[in-house]
Amino acid sequence: MTIEHFDVVVVGAGISGIGAGRHLQTRCPERTYVILEGRTHIGGTWDLFRYPGVRSDSDMYTLGYSFKPWTGAKSIADGPSILDYLHETATENGIDEHIRFGHHVNAASWDSATARWTVEAAHEGKRVRITCHFLFMCSGYYDYAKGYTPDFKGTGRFKGKIVHPQCWPQDLDYAGKRVVVIGSGATAVTLVPELAKTAGQVIMLQRSPTYVISRPAEDRFANGLRRWLPPMLAYGIVRWRNVLLQMWIFNLARARPERVKKKLLDLVRGHLGPNYDVATHFTPRYNPWEQRLCLVPDADLFEAIRAGSAGVVTDRIDTFTEKGILLESGKAIEADIIVTATGLNLQFLSGLDTTVDGRKVDFSTTLGYKGMMFSGVPNLASSFGYTNASWTLKADLTCEYVCRLLNHMRATGTAMATPILDDPEVTPEQWVDFSSGYFQRSLHEFPKQGSKLPWKLHQNYARDILLLRYGAVDDGVMAFSKTGIPEEHRA
Ligand SMILES: Cc1cc2nc3c(=O)[nH]c(=O)nc-3n(C[C@H](O)[C@H](O)[C@H](O)COP(=O)(O)OP(=O)(O)OC[C@H]3O[C@@H](n4cnc5c(N)ncnc54)[C@H](O)[C@@H]3O)c2cc1C
């Protein structure tokens, strides 16, 4: 069997993988690359999630790519429009010609003697092997096979339908039905107002509240600016305004949580009126931006609550019953459909079985370098976006850095780039400092970040520009060599 070889193998054709294709072909035109995608379509998240009303929860001027202006009227855009944008990016740049669909990558083994990865993928029931110099994981951050559902008691007794938003049945008829949406995150607050348009009754059942903030779906400043300025210039201005605004709010929330909390809750009171129990249903136990803030466009969730077509119940589930849900307070909610908007199962590098020179890599014992490479693991990067801002901001910068690294290796005639941790002052810290349940459930499987640069994750676009776009590639921590990593530095 002949084994194909590429300079770079990209895994995944979502926002990150398509972006990687574009950056590779413009910044490293002499490098060959292939994108291996496990599914049959591009788009990743934006193709997988098909629940009613699916939309972005950050603005498209920062969720869009740096190189392709978002020109849609809506700043908080629906899933199909985002998917169209990704298709357009892939086709107009010829990236689609580099994608191999139906290739689910399971394993990758690095051999220092040849300075190559051998990547193994399952394709139509067969095992396919491809070798490459550099492996770029753009496989997202959660398990595609199944969403997260807590172990609720009595689910087998429920006579209605139980649905997880990650695999929404396209023929699900909820018109006139009583629907309970379990959850209080981005998916729940998206689903509730959308379902409420036709369902008989919609209840958002949450164990504890989340901060919810309304923003206009359409950005009038951005739409106005586009009429006067060339699209790329208008896009750049709005993008930077949004980046700075987001950074300011995040930093303010961390520095003065009480002040931001009061402001957020006042805004909710303004939407729901003085008689609504904001203390119970919209006042979280944590401070703003200790978890992701939930964005709702044009106050649609609050409008649905005010109109009486949706309601919020804050309580704990005791058990599912034949007719619905019995709560710990003793109250019962009847339902025809129960939606478990209870989240994702986080998964690091898609569970890739990785070996370096025959030794299995346990990524949880490695330290992330610049948030994208891992101590002791050569020629492998992964795209992991921001948790406090749009994913694509970091994904774009990650691609830029990977291209700079590849160009540096070409210029210096080196075959291996390995982040080496040999600073005794660096102490490990959690990969992400968010208290959200879905992070906390899985963080032990993730690499750690370090207490100082370049192992420290900034979660700050401006600082990352300095580090990734302009920082030295040969920084004394990244070891470049022709072949072979010293035994003591292997992951
Ligand atoms: C419902 C929802 C809404 C979101 N809204 C926002 C938002 O508004 N703003 C924001 O910043 N973020 C948002 N996110 C986070 C979102 O996932 C990222 O913004 C972004 O889409 C991630 O892109 P990605 O390409 O890195 O990963 P993904 O979109 O997850 O794509 C990964 C791709 O890799 C493929 N893949 C995975 N493993 C393998 C493998 N082993 N072999 C081959 N292929 C593989 C997958 O099939 C998929 O196509 C949202 C997430 C969800 C679930």
Side-chain angles (χ1 to χ4, degrees), residues 9-21 34-51 53-65 74-79 81-83 85-86 89-90 99-108 119-123 128 130 135-145 147-148 164-166 168 183 185-191 215 242 246 292-295 297 341 343-354 372 382-396 398-399 438 461:
V9 166
V10 176
V11 178
I15 287 185
S16 299
I18 294 168
V34 67
I35 301 177
L36 301 180
E37 168 53 57
R39 306 178 71 239
T40 48
H41 293 92
I42 67 165
T45 298
W46 302 103
D47 185 62
L48 177 72
F49 279 83
R50 301 283 178 149
Y51 59 77
V54 60
R55 58 161 172 81
S56 68
D57 61 359
S58 62
D59 72 276
M60 288 310 300
Y61 302 99
T62 53
L63 190 58
Y65 295 112
K74 285 194 174 171
S75 162
I76 301 170
D78 57 82
S81 309
I82 301 173
L83 195 53
Y85 173 83
L86 293 176
T89 310
I99 304 174
R100 306 238 175 124
F101 290 106
H103 282 71
H104 186 86
V105 175
N106 306 309
V119 177
E120 273 186 27
H123 175 59
V128 176
I130 294 178
L135 182 56
F136 195 2
M137 295 299 293
C138 294
S139 51
Y141 61 101
Y142 60 86
D143 187 356
Y144 267 66
Y148 173 71
H164 193 288
Q166 193 166 323
W168 191 271
T187 301
V189 303
T190 301
L191 267 168
R215 302 292 304 146
N242 290 2
Q246 169 63 25
R292 220 174 146 100
L293 227 64
C294 275
L295 190 68
L344 308 162
N345 283 313
L346 294 203
Q347 194 181 40
F348 185 67
L349 297 192
S350 171
L352 188 76
D353 182 1
T354 315
M372 68 174 83
S382 88
S383 172
F384 195 94
Y386 293 122
T387 46
N388 64 350
S390 282
W391 184 271
T392 317
L393 292 171
K394 178 74 183 281
D396 262 338
T398 301
C399 293
Y438 69 107
Y461 182 60

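As the structure lists them, so they are numbered: ligands from 1, and atoms in each ligand from 1.
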Is any N or O atom of [X], backbone or side chain, closer than 3.5 Å to an N or O atom of ligand 1?
{"X": "Gly38", "answer": "yes"}
{"X": "Arg55", "answer": "no"}
{"X": "His41", "answer": "no"}
{"X": "Ser58", "answer": "yes"}
{"X": "Ile15", "answer": "yes"}

Where's the contact between [X] and ligand 1, heavy-atom distance under 4.0 Å: side chain, backbone, both or neither?
{"X": "Arg292", "result": "side chain"}
{"X": "Leu48", "result": "neither"}
{"X": "Asp57", "result": "both"}

Can you check whether [X] reaches [Y] side chain to side chain, under 4.5 Å on heavy atoms?
{"X": "Lys74", "Y": "Ser56", "result": "no"}
{"X": "Gln246", "Y": "Tyr461", "result": "no"}
{"X": "Thr190", "Y": "Phe49", "result": "no"}
{"X": "Leu86", "Y": "Tyr65", "result": "yes"}
{"X": "Val11", "Y": "Ser350", "result": "no"}
{"X": "Arg292", "Y": "Asp57", "result": "yes"}

Would you say [X] contacts ligand 1, with heavy atoms under 4.0 Å as the rule?
{"X": "Cys138", "answer": "yes"}
{"X": "His103", "answer": "yes"}
{"X": "Tyr51", "answer": "yes"}

Looking only at protein heavy atoms, identify the closest one to [atom] and say how far it is in Å.
{"atom": "atom 30 (O) of ligand 1", "answer": "Tyr144 OH, 2.7 Å"}
{"atom": "atom 52 (C) of ligand 1", "answer": "Thr45 CG2, 3.4 Å"}
{"atom": "atom 47 (O) of ligand 1", "answer": "Glu37 OE2, 2.6 Å"}
{"atom": "atom 27 (O) of ligand 1", "answer": "Gly140 CA, 3.3 Å"}
{"atom": "atom 42 (N) of ligand 1", "answer": "Val105 N, 2.8 Å"}
{"atom": "atom 34 (O) of ligand 1", "answer": "Gly12 CA, 3.1 Å"}

>> Measuring from atom 15 (C) of ligand 1, which candidate in Tyr141, Phe384, Trp391 has the nearest non-hydrogen atom?
In response: Tyr141

With heavy atoms of [X] as the reference, note each atom of ligand 1 found under 4.0 Å away.
{"X": "Ser16", "value": "24 (P), 25 (O), 26 (O)"}
{"X": "Ser56", "value": "8 (O)"}
{"X": "Gly44", "value": "29 (O), 31 (O), 48 (C), 49 (O)"}
{"X": "Arg39", "value": "47 (O)"}
{"X": "Leu63", "value": "7 (C), 8 (O), 9 (N), 10 (C), 11 (O), 19 (O)"}
{"X": "Trp46", "value": "3 (C), 4 (C), 5 (N), 6 (C), 21 (O)"}
{"X": "Leu36", "value": "43 (C), 44 (N)"}
{"X": "Ser350", "value": "38 (N), 39 (C), 40 (C), 41 (N)"}

Work out which heavy atom in [X] is nearest to a heavy atom in [Y]; give both atom names and the distance.
{"X": "Leu83", "Y": "Ile42", "answer": "CD1-O, 3.8 Å"}
{"X": "Glu37", "Y": "Gly14", "answer": "OE1-N, 4.5 Å"}
{"X": "Asp143", "Y": "Gln166", "answer": "O-NE2, 3.0 Å"}
{"X": "Lys394", "Y": "Gly385", "answer": "CB-CA, 3.8 Å"}

>> I'd like to know if Asp59 and Arg215 make a salt bridge, using a cut-off of under 4.0 Å between side-chain N and carboxylate O.
In response: no

>> My understanding is that only one of Thr398, Val9, Ile35 makes a side chain to side chain contact (heavy atoms under 4.5 Å, CB included) with Phe136; could you say which?
In response: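 Checked Thr398, Val9, Ile35 against Phe136; only one passes side chain to side chain contact (heavy atoms under 4.5 Å, CB included): Thr398.
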
> Just checking, is any N or O donor in the side chain of Tyr142 or Thr45 under 3.5 Å from an acceptor N or O on the other one?
Replying inline: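 Side chains of Tyr142 and Thr45: pair found under 3.5 Å.
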
> Distance only, no hydrogens: is a donor on one side chain within 3.5 Å (strictly under) of an acceptor on the other, for Ser16 and Ser383?
Replying inline: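 Yes, because at least one side-chain N or O of Ser16 sits under 3.5 Å from a partner of the opposite role on Ser383.
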
>> Could you walk me through whether Thr62 and Ser390 satisfy the side chain to side chain donor-acceptor pair (under 3.5 Å) test, starting with their C-alpha distance in whole Å, then the side-chain angles of each, then the deciding distance to 0.1 Å, before giving a yes or no?
In response: CA-CA 6 Å; Thr62 53; Ser390 282; 2.8 Å; yes

